[in-house]
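Remember, it's 1-based here, ligands and their atoms both numbered in the order they're listed. Numbers here simply count residues along the sequence, with the first being 1.
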Amino acid sequence: MILVTGGTGYIGSHTVKQLLENGYETVVFDSMELGHPEAVLGGQVFTGDLRDADRINAVFDKYPIDAVVHFAAYASVPDSVANPDKYFTNNIAGGLNLVNAMRAHDVKRIIFSSSAATYGEPLHTPITEDHPQNPTNPYGETKLMFEKILKWYDVAYGIKSVSLRYFNASGADPEGRIGEDHEPEGHLIPLVLQVPLGRRDHVKVFGLDWDTPDGSCVRDYIHVTDLAQAHLLSLKALEGGAQTTAYNLGNGDGQSVKQVIEAAEEVVGKKIKWEPAERRAGDPAKLVASSDKLQKGLGWKPLYAELHTIIEHAWAWHSAHPRGYAK
Ligand code: UFG
């Protein structure tokens, strides 16, 4: 059985779906603070907070867990700058409770949700896994610290891990059963789609004077289903005896904020109003992954690499659920 912490969240719920479709049994461990229980399409659900060591040990006592996929964490960059205490306590102290419970129950495999935020301001693009890691905010710092914890827990205790450094997770389940729903929403594609949904008048473009072809920021948008697929491949690699490592999860292709808005206009068939705004503090101009290691190491191939397809799936979800999971 696979323990999925944070399985009610956006990426966690899409990964649970794929695990179930591939014959795995799952148990989701989640505090229910930010996620959506309706997003878990099957398997077991166990409510608990990682900061409560007894509770995370209880899930290992109850179920025969073979491996862990660890999503549970706070994940907002600006919130982490304002409230680093929350981030270090949940993402690090809570994460330590998890790996210590794994040790106590002799569980030796973990896939960890890391982030492109561990690299900080890029020195070169595309970013390869050996690029220096110098986070520029507490959120990225917690992801880097936990990668290091996992490295030393392998050396001392033989726990093997794969850290997956996500670039910009986006899109929704191609079958339309689950999708993205954050409160408050801070991510570009859902915010852009809120304009044609009538939930906002316009979207702001944070900076038009970046050193990029059209002046707006460039990011590597990866479909959440392709991202979930990489978790499955990582799990199979660990089951086959793979060593501890890290992979970037991106398509290796950059799209600007303006290109995202234009692609969304094509998908929706309407003009989408946008307004220039100040640069957002801490944004790098361009974040694009090299996905070579992932493709060669795990045989990963994106099914939905086209930005147009990513936005089509996002639009199908958001237009069918204009208020997300809320009734
Ligand atoms: N943007 C806008 N207007 C908005 C929202 C975003 O112009 O209203 C721009 C941002 O400046 C950025 C791009 O759209 O250039 C994407 O922004 P998101 O907030 O959607 O995503 P980020 O690239 O900031 O964040 C992602 C992950 C974080 C992670 C970070 C760095 O969501 O968890 O990459 O890896 F920390």
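Contacts between Arg280 and ligand 1, counted as non-hydrogen atom pairs separated by less than 4.0 Å, involve the side chain only. Counting heavy atoms under 4.0 Å from ligand 1, residue Val77 touches it through the side chain alone. For Tyr139, every heavy-atom contact with ligand 1 shorter than 4.0 Å involves the side chain, none the backbone. When heavy-atom distances to ligand 1 are checked against a 4.0 Å cut-off, Asn168 comes that close only through its side chain, counted from C-beta outward.
Regarding atom 16 (C) of ligand 1, its nearest protein heavy-atom neighbour is Tyr221 OH, 3.5 Å. Of the protein's non-hydrogen atoms, Lys204 O, 2.7 Å is the one closest to atom 3 (N) of ligand 1. Residue, atom and distance of the protein heavy atom nearest to atom 5 (C) of ligand 1 are Phe206 CE1, 3.5 Å.
Below 3.5 Å of separation, one finds an N or O of Leu188 facing an N or O of ligand 1. For a threshold of 3.5 Å applied to N or O pairs, the pair formed by Tyr166 and ligand 1 contains no separation below that value. Annotation: Ala117 places an N or O atom under 3.5 Å from an N or O atom of ligand 1; distance criterion only.
For Tyr119 and Arg165, the side-chain atoms include at least one donor-acceptor pair closer than 3.5 Å. Using modelled atom types and a 3.5 Å distance limit, the side chains of Asp130 and Thr128 yield a donor-acceptor pair.
Scanning for salt bridge (Lys or Arg N to Asp or Glu O under 4.0 Å) contacts around Asp201 gives Lys273, with sequence neighbours left out.
In this structure, atom 10 (C) of ligand 1 has a protein heavy-atom contact shorter than 4.0 Å.
The pair Glu129-Lys293 fails the salt-bridge criterion, with no side-chain N (NZ, NE, NH1 or NH2) lying under 4.0 Å from an Asp/Glu carboxylate O.
Judged by distance alone, with hydrogens and angles left aside, the side-chain atoms of Ser291 form no donor-acceptor pair with the main-chain N or O of Leu294 at under 3.5 Å.
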